[in-house]
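Report on the structure given below.
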Amino acid sequence: MDNLHHEILMDIKMFEKDEYISLKEVAELLMVSTLTLRNWDKNGTLVAYRNPVNNYRVYKLSQIQNFLDEMEGSRKGKRFRLRVVSVDD
């Protein structure tokens, strides 16, 4: 068995151990479009794994949870200023 076939078999075994969800499922979960996820994958915001059989983008459930935790953490440090605007009758 050559190295390429060995790597593919290792990828498949790794793929079977973790729980992965599809691009569409992640898009629905995060309430973004699949195009947004593809862009995030390209620019490194949320990098997808690739299914070793068909090369489709997939995501680990733990990866999505970490992404959501990071997003929540980044919001905690921000303070929002409210501006009251009075309207004269």
Side-chain angles (χ1 to χ4, degrees):
M1 179 180 329
D2 62 20
N3 278 346
L4 179 61
H5 288 114
H6 184 269
E7 286 180 26
I8 290 172
L9 286 175
M10 294 302 290
D11 286 345
I12 291 171
K13 287 179 184 177
M14 181 194 81
F15 189 77
E16 290 173 348
K17 288 181 183 179
D18 292 311
E19 293 186 50
Y20 288 82
I21 55 177
S22 70
L23 181 80
K24 182 179 178 182
E25 291 169 323
V26 174
E28 291 171 0
L29 182 66
L30 298 180
M31 294 185 284
V32 298
S33 71
T34 55
L35 183 57
T36 296
L37 286 175
R38 287 183 182 99
N39 287 331
W40 286 355
D41 184 30
K42 288 178 187 175
N43 71 25
T45 301
L46 183 60
V47 179
Y49 291 85
R50 293 295 184 141
N51 181 314
V53 175
N54 58 22
N55 208 35
Y56 288 173
R57 287 177 175 89
V58 292
Y59 299 85
K60 288 184 183 181
L61 287 174
S62 60
Q63 173 190 19
I64 301 306
Q65 184 61 57
N66 290 339
F67 179 76
L68 290 171
D69 290 345
E70 287 176 18
M71 294 301 292
E72 183 64 28
S74 68
R75 288 183 181 178
K76 286 181 181 176
K78 292 184 179 177
R79 293 184 178 208
F80 295 96
R81 287 187 277 166
L82 297 176
R83 188 173 67 186
V84 178
V85 179
S86 64
V87 179
D88 294 331
D89 292 334

Grouping I, L, V, M, F, W and Y whenever their side-chain heavy atoms are under 4.5 Å apart, do V47 and I64 come out in a common cluster?
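Cluster IDs for V47 and I64 differ.
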
Please say yes or no: joined through hydrophobic side-chain contacts below 4.5 Å, possibly via intermediate residues, are I21 and M71 part of one cluster?
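Yes, same cluster.
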
**Q.** Shortest non-hydrogen separation from S22 to Y59 and the atoms involved
**A.**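 Smallest heavy-atom distance, with atoms named: O-CD1, 4.5 Å.
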
For the student: nearest non-hydrogen atoms of A27 and S33, plus distance: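 The answer is CB-C, 4.1 Å.
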
TODO: Working to the nearest 0.5 Å, report the span between CD of E70 and OG1 of T45.
DONE: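 Those atoms lie 10.5 Å apart.
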
Quick check: do [X] and [Y] have side-chain heavy atoms less than 4.5 Å from each other?
X: L61; Y: Y20; result: no
X: Y49; Y: Q63; result: yes
X: V58; Y: L23; result: no
X: L30; Y: L68; result: yes

- Kindly say whether E25 contributes a backbone atom to a donor-acceptor pair with the side chain of E28 at under 3.5 angstrom?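 No.
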
Worksheet entry | Intermediate values then yes/no, side chain to side chain contact (heavy atoms under 4.5 Å, CB included), R50 and D41 | CA-CA 11 Å; R50 293 295 184 141; D41 184 30; 4.0 Å; yes

Under the side chain to side chain contact (heavy atoms under 4.5 Å, CB included) criterion, do R57 and L37 qualify, and how do the steps go? CA-CA 9 Å; R57 287 177 175 89; L37 286 175; over 6 Å; no

- [ ] Could you check V26 against T34 for side chain to side chain contact (heavy atoms under 4.5 Å, CB included), going step by step and ending with a plain yes or no?
- [x] CA-CA 8 Å; V26 174; T34 55; over 6 Å; no

Residue pair N39, T36: steps toward the side chain to side chain contact (heavy atoms under 4.5 Å, CB included) verdict:
CA-CA 5 Å; N39 287 331; T36 296; 5.6 Å; no

Once the angle between the rings of W40 and F67 is folded into 0 to 90°, is it parallel (under 30°), tilted (30 to 60°) or perpendicular (over 60°)?
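W40 vs F67 ring planes: tilted.
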
Notebook entry, point to check: So, D69 and Q65: side-chain donor and acceptor under 3.5 Å apart, yes or no?
Noted result: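 Their side chains do contain a donor-acceptor pair, which is all the 3.5 Å distance test asks for.
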
